[in-house]
There are 2 protein chains.
Amino acid sequence: MTKTSPPARPAPDERHLRPAGRATRAAIEEAARRLFAERGFDASVRAIAGEAGVDPALVIRHFGSKEALFLRCVDTSSGLGAVLDGPLETVGRRLVAYFLDPDRPLLRQRYLALAQAAHLDGVREEMNRHTAETYVAALAPRMTGPDRELRVALAVAQVSGLLSLVYRQEDPVLTAADTTRLVELYGDAIQQLLTPAGL
Amino acid sequence: MTKTSPPARPAPDERHLRPAGRATRAAIEEAARRLFAERGFDASVRAIAGEAGVDPALVIRHFGSKEALFLRCVDTSSGLGAVLDGPLETVGRRLVAYFLDPDRPLLRQRYLALAQAAHLDGVREEMNRHTAETYVAALAPRMTGPDRELRVALAVAQVSGLLSLVYRQEDPVLTAADTTRLVELYGDAIQQLLTPAGL
DNA sequence: TCAACCAGTCAACGGCGTTGACCGTTACGC
DNA sequence: GCGTAACGGTCAACGCCGTTGACTGGTTGA
């Protein structure tokens, strides 16, 4: 006869928690956000637990797994909406300028953390969701011509590649280049996919 | 008084090896190549050692570290030279077609392994070297106009982004898209950076 | 009052990369 | 011919990791 689900702890269920549980849960999440931002996915569950003053097992108890905790802590939301909602004819250059703005160091952190954890299925799904809900939803409806979704996806690929070389690989040519020139060149290459010359 | 270099095993030194050492070293390397190709950097030293019929410690003894072994096993050489040496005016589309060719599954494997291990300094350096020695060296001398190196580096960023979305992220839009159309659109976007309309 | 359940700790498991101590064997100088 | 040094290799262990199960108190509600 099949085992009738042994008395393993059931799902944490998020809703009916006592105040104490809610508090430490928040403390763990805060510590995780900071450490994941600092060290990326390399931040260990044990370090997060220590930072929150809690036993490592409790971290898993509350969030299920390190991956689930990571997914909850990483937020892809950003000031990107304003960039994408601006004039469609210049969104290419604005996108590049946005991501290369040295006053936005958190973007670099977030990208590195996500890229480092891209081997997790959940992270990949989140990235695809982000592409669809942020980029495609904002740009495709205002575009003309065929293959609108495909062209947006390819523009996202361009952005992704730029971030990969600049942030991760730290390509010496791109790092040493004049940012203004880079924005012009790469921004126009992106623009060509979104609003090509022949419309 | 400072310890005069304790009798720790010195460098493996590669050259003066006895036949037995040379043989097992080759066996380890072969096993590593296969497992790294199969499972990427997740392939464990212990698994590689088991595949080679050897103690895990010996793997480290021979190659110094898992990272060093990985770097020795990953080869970025490929049929790319022929693509890059062809007509400069159509290299964009040929590049995309080359990487999307379904008859070249090893490209995918190599890219995934490299991307997964990109957090290692040695891997990043190897990638930058590859960009400079393969792409820049082949394309920049034949190009015209300003910022030739920068434009090649940006084209590499485009290729990198495409591989990232197609291979790693498995973006549903790109995966479902017609390859021919994709080659046209993205190839032309790359081409614009290498040989822009206004020369 | 008492049973159910939440919050939390503790020790442990299996896996990882890596290291140091320890042998047999091979090569070489005297 | 023989001692000795270096090579080739194994073994057990270290310290780390994510995760789990058993267990202890405290809180809550019937």
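Bear in mind that the values here come from a model prediction, so they are computed numbers and not experimental data. So that the names make sense, note that chain A is the first sequence line, chain B the second, and so on, each numbered from 1.
- Between the side chain of A:Arg46 and the base of D:dG18 there is at least one donor-acceptor pair of N/O atoms closer than 3.5 Å.
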Report task. Would you check, one step at a time, whether the test salt bridge (Lys or Arg N to Asp or Glu O under 4.0 Å) holds for B:Arg39 with B:Asp42? Result -> CA-CA 6 Å; B:Arg39 316 183 201 169; B:Asp42 284 341; over 6 Å; no

Sub-3.5 Å pairs of nitrogen or oxygen atoms, protein against nucleotides 25-28 of chain D:
from, atom 1, to, atom 2, distance (Å)
D:dG26, N2, A:Arg18, NH2, 3.1

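- Residue B:His62 places none of its side-chain N or O atoms closer than 4.0 Å to OP1 or OP2 of D:dG8.
- Using cut-offs of 30° and 60° on the angle between ring planes, the pair B:Phe41 and B:Phe36 is parallel.
- Within the 4.5 Å cutoff, the side chain of A:Phe70 has no heavy atoms near those of the A:Ser65 side chain.
- Residues B:Pro87 and B:Arg94 form a side-chain contact, since some pair of their non-hydrogen atoms from C-beta on lies under 4.5 Å apart.
- Annotation: side chain of A:Ile48 is in contact with side chain of A:Leu69 (closest heavy-atom distance under 4.5 Å).
- Side-chain proximity of A:Val45 to C:dG17, D:dA22, D:dG18: nearest is D:dG18.
- Of the side-chain N and O atoms in A:Thr24, one or more sit less than 4.0 angstrom from OP1 or OP2 of C:dG8.
- Position along DNA chain D of the nearest nucleotide to A:Asp55 versus A:Ser44 favours A:Ser44 as the more 5'-ward residue.
- Listed nucleotides D:dG21, D:dG18, C:dT19 differ in distance to B:Ala57; the shortest reach to its side chain belongs to C:dT19.
- B:Phe63 carries B:Arg25 over the face of its six-membered ring, with the cationic atom under 6.0 Å from the centre and within 45° of the normal.
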